[in-house]
Amino acid sequence: MTTPQLRLYNTLTRSKEVFVPIDEKNVRMYVCGPTVYDFAHIGNARPVIVFDVLYRLLRHLYGKDHVKYVRNITDVDDKINARAAERGISIRDLTEGTNRIFQEDVKALGCLEPDVQPRATEHIAEMIAIMQKLIEAGHAYAAEGHVLFAVPSMADYGRLSRRPLDEMIAGARVEVAPYKRSDMDFVLWKPSRDNEPGWDSPWGRGRPGWHIECSAMSWKHLGETFDIHGGGIDLVFPHHENEIAQSRCAFGHDVMANVWMHNGFLQVEGEKMSKSLGNFVTINELLHTDKFGGRSWPGEVLRLAMLKTHYRQPIDWTVKALEEAEKTIKEWRRLLRGASRSNAKPSENFIAALSDDLNTHAAVTEIHKLAVASKSPSGEPYDRQTEMVGCLEIIGFDEFLKELPDQDDVTSDIRKSISEVGAPKAGIDLKKAGQLITARLEARKAKNFAESDRIRDDLLAMGIQLKDAKDPVTGELTTTWEVKR
RNA sequence: GGCCUCGUGGCGGAAUGGCUACGCAGAGGACUGCAAAUCCUUGUAUGGGGGUUCGAUUCCCUCCGAGGCCUCCA
């Protein structure tokens, strides 16, 4: 079997490179997960979806049992402390509750669970071990209950973000704590007051800095070096730069991860998303409220809208784009009516598109092409359908595929449409609608148009729009329908 | 100020040293008892100026424009 060549853009080298796993029986990827202090917003969803697709692609290429995906949960952080105090609840309650919602949100977006979702608070021992190694090696020092990383001790610090060390020192403008040896040194450990969460350590009771968590968790679950490290582009500096510094200096390797991947940012309707602009929107709100565009959106629509833009490009999150994505999904659902899920296999072009630095847009284009081919009366539409199913599995439309309408199941189709429209239309009596549709089809076949039009009007009043068709093979009259907004 | 992206048709958005995908919208046609839907066909684009080249949207320079990071925000 020939494994298609996977090429990924590596921020370290600023170029696309052929991906060669350290161990192709154990391909390892780490992605920075959420800090669980509040609902995840739609920008947070981007890396989750993007790297979910990469995870699925890697599993396809290397085998399900040969890929390990780790996405952490940051459950210790000063923002968490502040938020818990604000709301008058315990830190534990806040992080547990927030994480639960995050998991639900992400599942609704069609993302697989990573193999491991480690929590920062459960890796304090590993953090302490790394800090001790760093201190022994002269890359870190303790001062006034803090542990700091000595940035000047690392000759090629700044390689990922391409910031020369000397310039950074010259340009530092943050007020410098007196215990820092160099302006650039960053915190690995800091002391906690009695009312702050803290753990015992050789340097007293304290809590970890942000960056050390990821070094500890990736080490524990993936080893000293691994294949892919992902996250948002804003994490390049300082977070990922500092992770690299910690892990490389602690373990003495030239690299921490071989490939560093970063997704671009998201804007909302052409503007930066921010609470002050009032365009801040969470995944939960998109899924369950009418805050964005006056309606709620199915997870699969959000997912497709996200994948229509290459992950490194900035993406503009608009109502129009969501509507377009929904239209596409409806079209796919129609074309795949009655399609079988067994023996589904993605087309070669599709895998080639994804293998080119995760070009999800080109991959979606390939699905469109298969859709067109499946419409053609000549040829083998069922093969094209099967390939479409295979493609959709890889980009994570499992739930969508599970709910494909049967060729002749009246109510399942109506039910699906209703779930898309949301609660307001849910008052429709499915059984009655099904009976009416059947009766109307009979009347129409008998050319009793007065009766059939009357029923059609009744159904429209209920919000059900009929669409007549003729079976291309048998010439038999048929009817499909959708729920109108 | 430093570093880094990006400017492709009405909109979204890929790719490429030679013919610029795909989707949406638009237009035309077919089908249909009518409506809706569906099917077929189709117009329209590489920000400005230089350079390299037989040839540039693609490579280089420059100008204009948009955005990001440098502030524990994906």
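This one's a predicted model, so the numbers in the text were calculated from it and none came from an experiment. Here is the naming used below: chain letters follow the sequence lines, and residue numbers restart at 1 for every chain.
- Taken to the nearest 0.5 Å, the CG atom of L148(A) stands 9.0 Å off from the CZ atom of R181(A).
- Under the stacking definition used here (centres under 5.5 Å, planes under 30°), the residue F265(A) qualifies as stacked on the base of A74(B).
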Intra- and inter-strand pairing of RNA chain B, written as dot-bracket with Watson-Crick and G-U pairs under 3.5 Å and | for the latter, reads (((((((..(((.....[...))).(((((.......)))))....(((((..]....))))))))))))....
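- Of the charged side-chain nitrogens involved, at least one lies within less than 4.0 Å of a carboxylate oxygen, so that R456(A) and D453(A) count as a salt-bridged pair.
- The closest donor-acceptor contact from the side chain of N359(A) to the backbone of A362(A) lies under 3.5 Å.
- Here C70(B) presents its P atom at 16 Å from CZ of F186(A), a figure rounded to the nearest Å.
- The interatomic distance linking I42(A) (CD1) with A74(B) (P) rounds to 14 Å, in whole Å.
- Spacing between atom CD of E213(A) and atom C1' of C72(B) amounts to 10 Å, rounded to whole angstrom units.
- Taking atom CZ of F237(A) as the reference point, atom C1' of C3(B) lies 11 Å away to the nearest angstrom.
- To the nearest whole angstrom, the two C1' atoms, one in U44(B) and one in A27(B), are 11 Å apart.
- On the P atoms, G18(B) is 23 Å away from G23(B), given to the nearest whole Å.
- At a threshold of 4.0 Å, the pair R207(A)-D78(A) counts as salt-bridged, since one of the basic side-chain nitrogens sits closer than that to a carboxylate oxygen.
- Spacing between A15(B) and U57(B) at atom C1', rounded to whole Å, works out to 11 Å.
- Just one of W210(A), F186(A), W189(A) meets the ring pair (Phe, Tyr, Trp, His ring centres under 6.0 Å) condition when paired with F149(A); it is F186(A).
- G264(A) comes within 4.0 angstrom of a nucleotide base, judged by non-hydrogen atoms across all strands.
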Summary of protein contacts for nucleotides 11-17 of chain B, nucleotide by nucleotide, where a base hit scores B, a sugar-phosphate-only hit scores S (4.0 Å, heavy atoms): SBSSS--
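- Taking atom CZ on F39(A) and atom C1' on A74(B), their separation rounds to 18 Å, with Å as the unit.
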How does protein contact run along nucleotides 27-37 of chain B, one letter per nucleotide 5' to 3', with B for base contact, S for sugar-phosphate only, - for none, heavy atoms under 4.0 Å? ------BBBBB
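- Atoms CZ (R312(A)) and P (C69(B)) sit 18 Å apart, rounded to a whole Å.
- No donor-acceptor pair under 3.5 Å is formed between the side chain of Q117(A) and the backbone N or O of V70(A).
- Remark: side-chain polar atoms of R46(A) are paired, donor with acceptor, to backbone N or O of F265(A) under 3.5 angstrom.
- Along RNA chain B, the nucleotide nearest to T365(A) and the one nearest to N263(A) differ in position, and the one closer to the 5' end is contacted by T365(A).
- Rounded to a whole Å, the CD atom of Q267(A) is 15 Å from the P atom of C6(B).
- Ranking A74(B), C69(B), G23(B) by closeness to the H368(A) side chain, first place goes to G23(B).
- Here G231(A) lies in heavy-atom contact (under 4.0 Å) with sugar-phosphate atoms only.
- When each of Y9(A) and H41(A) is assigned the nucleotide of RNA chain B with its nearest heavy atom, Y9(A) is the one assigned upstream, toward the 5' end.
- Look at OH on Y30(A): it is 14 Å from C1' on A74(B), rounded to the nearest Å.
- Partners of N349(A) according to the side-chain hydrogen bond (donor to acceptor under 3.5 Å, both in side chains) rule, which considers only residues two or more places apart in sequence or in another chain, do not exist here.
- Put simply, the residue from I244(A), I130(A), L134(A) that forms a side chain to side chain contact (heavy atoms under 4.5 Å, CB included) with C249(A) is L134(A).
- For T11(A), the side-chain hydrogen bond (donor to acceptor under 3.5 Å, both in side chains) criterion is met by H262(A), not counting sequence neighbours.
- Taking atom C1' on both G51(B) and U41(B), the two are 43 Å apart, rounded to the nearest angstrom.
- Rounded to the nearest Å, the gap between the C1' atom of G65(B) and that of G48(B) is 11 Å.
- Remark: side-chain polar atoms of K180(A) are paired, donor with acceptor, to backbone N or O of D185(A) under 3.5 angstrom.
- Looking at E326(A) and R295(A), a side-chain N of the basic residue comes within less than 4.0 Å of a carboxylate O on the acidic one, giving a salt bridge.
- Rounded to whole Å, the separation between the C1' atoms of C59(B) and U46(B) comes to 15 Å.
- Between G10(B) and C70(B), the distance separating the two C1' atoms is 38 Å to the nearest Å.
- With sequence neighbours excluded, the residues satisfying side-chain hydrogen bond (donor to acceptor under 3.5 Å, both in side chains) with D468(A) are R440(A), R444(A), T479(A).
- Nucleotides A74(B) and C3(B), compared at atom P, are 27 Å apart to the nearest Å.
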